[in-house]
Amino acid sequence: MDELVVTGGVRLKGRVRASGAKNAALPIMAAAILAEGPVRLKNVPNLADIRTMTRLLRELGLRVEREPDGDMVLENVDPDKVLAPYKIMKTMRAGICALGPLVARRGRAEVSMPGGCLIGDRPVDLHLKGLRSLGAKLEVKHGYIVTSCKRLKGTEMYLGGPFGSTVTGTANILMAAVLAKGQTVIECAACEPEVQDLGRMLVKMGASIHGIGSPRLVIEGVSRLSGAEHTIIPDRIEAGTYLVAAAATGGDVVVEDARWNDLFALIHMLRQAGAVIEHFDDTIHLVAPKRLRAVDVTTLPFPGFPTDLQAQMMAMLTVADGISVVTEKIYPDRFTHVAELNRMGAAIRKEGNTAIVQGARRLSGAPVMASDLRASAALVIAALVAEGKTTISRIYHLDRGYENLEKKLRKLGATITRVKAKD
Ligand code: EPZ
């Protein structure tokens with residue numbers, strides 16, 4: 001197993017480019033199940049989760065090829081396959097995005113319930129509720145969602161849950177409704193840029209969708225969808241991670257392929273902390289202040305502050321002047337990074353879904369353990385700030401969502417290497 005070894009204390013400087021968005025590419029790959037013809041995707045990142053989705057779709061009877069130029073081509077070759085096995089689903093929850101397209105296009109599906117997750121309780125009840133209201137017969141049996149329907153029927157539904165909208169839930173129901181009979185209205189739909197990108201892809205395939213980017217989606221079902229070509233949007237969470245790392249290390253960094261409107265909540269917070277941030281086209285330039293100021297952060301569905309940047313922001317706030325309060329309103333238990341940051345000398349106290357961060361700490365390098373994708377990114381940021389050497393183990397979590405992380409950070413001047421773990 002690999003580990004990352006980081007020697008901290010370097011101000012990050014230079015330019016870095018964000019890769020394609022993992023959380024847009026995953027549902028868009030699943031949307032290929034709906035297409036009568038090949039789908040060509042550009043800017044698909046090279047990540048462990050993308051390889052897992054590729055395995056799942058091949059299991060579901062699709063040909064999935066990466067071309068020498070990096071394009072990904074997906075095509076249905078065996079439409080009788082409807083089983084999404086536990087062995088794949090347990091490694092990646094986003095596999096649930098195959099459910100809607102399978103029942104809409106193939107009339108039935110057997111999809112393993114996703115397993116547990118360290119960031120908290122992540123039920124899929126809204127996905128199931130949405131499919132049932134489109135007329136799907138559905139039961140959960142032996143750990144599998146077993147569903148069938150000759151043709152889904154459009155309807156009006158409210159898809160909000162206890163924490164607001166659901167991202168992959170909206171994606172699943174949207175991909176089901178595009179082939180349903182009649183009109184579907186999804187109220188409290190997720191507006192995340194990744195859901196918008198999926199909507200634009202489906203329209204290219206021939207779907208009729210109004211309200212993309214708003215909480216009310218109106219879908220006129222069609223009888224068939226064709227293949228299409230699509231370029232995946234840049235990854236705002238990856239771009240945001242580099243901006244936070246730049247601010248935390250007192251750096252001066254330009255992130256290319258970073259869309260201002262996708263990152264405005266973060267930019268607002270970083271400006272409050274004292275950073276100077278400008279943009280032109282899809283390029284964002286951040287210059288860190290001499291001393292960062294404490295800010296209070298509350299995570300919310302888009303366009304609110306993204307939960308997937310909460311841990312990285314907390315790592316930055318450990319060195320800001322003053323006390324910051326971080327409130328997690330999407331995954332109330334998403335604080336697995338707190339104990340590891342405290343091991344590095346941070347002073348963070350957790351109370352329910354809130355963490356109180358005592359700032360202006362001098363972090364010191366230490367052996368730490370990654371627990372989930374974004375918590376690992378927070379540990380990398382803390383290690384870049386800390387005095388001395390930090391060793392981060394279990395970095396397979398990072399490889400799920402960050403393409404060439406250490407190479408990109410080295411390009412910004414960081415001292416970071418990937419090594420084989422000793423034991
Ligand atoms: C997506 O997960 C992202 N994953 C997550 O990113 C991200 O953290 C999350 O959205 C929130 O922004 C992908 O896009 C592949 P949700 P998703 O359904 O769709 C509750 C990363 O780091 N809920 O929007 O699974 C749920 O428990 C990952 O890249 C229900 O109660 O998240 C949560 O509290 C981690 N019932 C809230 O809603 C449901 O049926 C939002 O979850 C569905 C969700």
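Whatever order the structure lists ligands and atoms in, that order sets their numbers, starting from 1.
- The pair Asp333-Lys350 does not count as a salt bridge, with every side-chain nitrogen at least 4.0 angstrom from each carboxylate oxygen.
- Scanning the protein for heavy atoms near atom 8 (O) of ligand 1, the closest one is Asp308 OD1, 2.6 Å.
- Heavy atoms of Asp125 found under 4.0 angstrom from ligand 1 belong to the backbone as well as the side chain.
- For atom 24 (O) of ligand 1, the closest non-hydrogen atom of the protein is Val167 N, 2.7 Å.
- Residue contact check: His127 has heavy atoms under 4.0 Å from atoms 40 (O) of ligand 1.
- At a 4.0 Å cut-off, at least one heavy atom of Ala94 sits close enough to ligand 1 to count as contact.
- Using a cut-off of 4.0 Å between Lys/Arg side-chain N and Asp/Glu carboxylate O, Glu59 and Lys81 are scored as not salt-bridged.
- Looking from atom 4 (N) of ligand 1 to the surrounding protein, the closest heavy atom is Asn23 ND2, 3.7 Å.
- Every heavy atom of Glu194 sits 4.0 Å or more from the atoms of ligand 1.
- Among all non-hydrogen protein atoms, the one lying nearest atom 18 (O) of ligand 1 is Thr166 OG1, 2.6 Å.
- Closest to atom 19 (O) of ligand 1, if we only count protein heavy atoms, is Thr168 OG1, 2.6 Å.
- Using a 4.0 Å cut-off between charged side-chain N and carboxylate O, Glu406 and Lys408 make no salt bridge.
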Inset, instruction - Might you work through the side-chain hydrogen bond (donor to acceptor under 3.5 Å, both in side chains) test for Thr307 and Glu328, ending with a clear yes or no? - result: CA-CA 7 Å; Thr307 173; Glu328 178 52 68; 3.0 Å; yes
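- Atoms of ligand 1 found under 4.0 Å from any heavy atom of Thr307, numbered from 1 in the order shown, are 8 (O), 11 (C), 12 (O).
- Residue contacts with ligand 1: Met92 is excluded, as none of its non-hydrogen atoms falls under 4.0 Å.
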Inset, instruction - Check the pair Glu220 / His210 against side-chain hydrogen bond (donor to acceptor under 3.5 Å, both in side chains), numbers first and verdict last. - result: CA-CA 9 Å; Glu220 300 297 339; His210 299 283; 6.0 Å; no
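- Contact annotation for Arg122 and ligand 1: heavy atoms of both the backbone and the side chain come within less than 4.0 Å of the ligand.
- In this structure, the protein non-hydrogen atom closest to atom 31 (O) of ligand 1 is Pro123 CG, 3.5 Å.
- Here Lys22 has side-chain heavy atoms under 4.0 Å from ligand 1, and that is the only part of it that gets that close.
- Side-chain atoms of Arg293 come within 3.5 Å of backbone atoms of Gln272 as a donor-acceptor pair (strictly under, hydrogens ignored).
- The distance from ligand 1 to the heavy atoms of Val124 drops below 4.0 Å at these ligand atoms: 39 (C), 40 (O).
- Annotation for ligand 1: atoms under 4.0 Å from non-hydrogen atoms of Leu373 are 22 (O), 29 (O).
- Taking a cutoff of 4.0 Å between a charged side-chain nitrogen and a carboxylate oxygen, Asp399 and Arg418 qualify as a salt bridge.
- In this structure the side chain of Val73 never reaches within 4.5 angstrom of the side chain of Leu41, judged on heavy atoms.
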Inset, instruction - Please step through side-chain hydrogen bond (donor to acceptor under 3.5 Å, both in side chains) for the pair Arg51 and Asn46, ending with a clear verdict. - result: CA-CA 8 Å; Arg51 291 188 288 279; Asn46 191 5; 2.8 Å; yes
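- Here is the list of ligand 1 atoms found below 4.0 Å of a heavy atom in Arg334: 8 (O), 22 (O), 35 (C).
- A salt bridge does not link Glu403 with Lys22: none of the charged nitrogens is closer than 4.0 Å to a carboxylate oxygen.
- Both the backbone and the side chain of Ile330 come within 4.0 Å of ligand 1, counting heavy atoms alone.
- Ion pairing between Asp282 and Arg259 fails under the 4.0 Å rule for side-chain N and carboxylate O.
- Among protein heavy atoms, the minimum distance from atom 27 (O) of ligand 1 is reached at Asp121 O, 3.1 Å.
- Close contacts of ligand 1 with Phe163, meaning ligand atoms under 4.0 Å from a residue heavy atom, involve 34 (O), 37 (C).
- Between the side chains of His397 and Asp372, no donor N or O sits under 3.5 Å from an acceptor N or O.
- Comment: Arg40 engages Glu67 in a salt bridge, judged by a side-chain N to carboxylate O separation of less than 4.0 angstrom.
- By the criterion of a heavy-atom distance under 4.0 Å, both the backbone and the side chain of Leu126 are placed next to ligand 1.
- Atom 32 (O) of ligand 1 has its closest protein heavy atom at Tyr331 OH, 3.1 Å.
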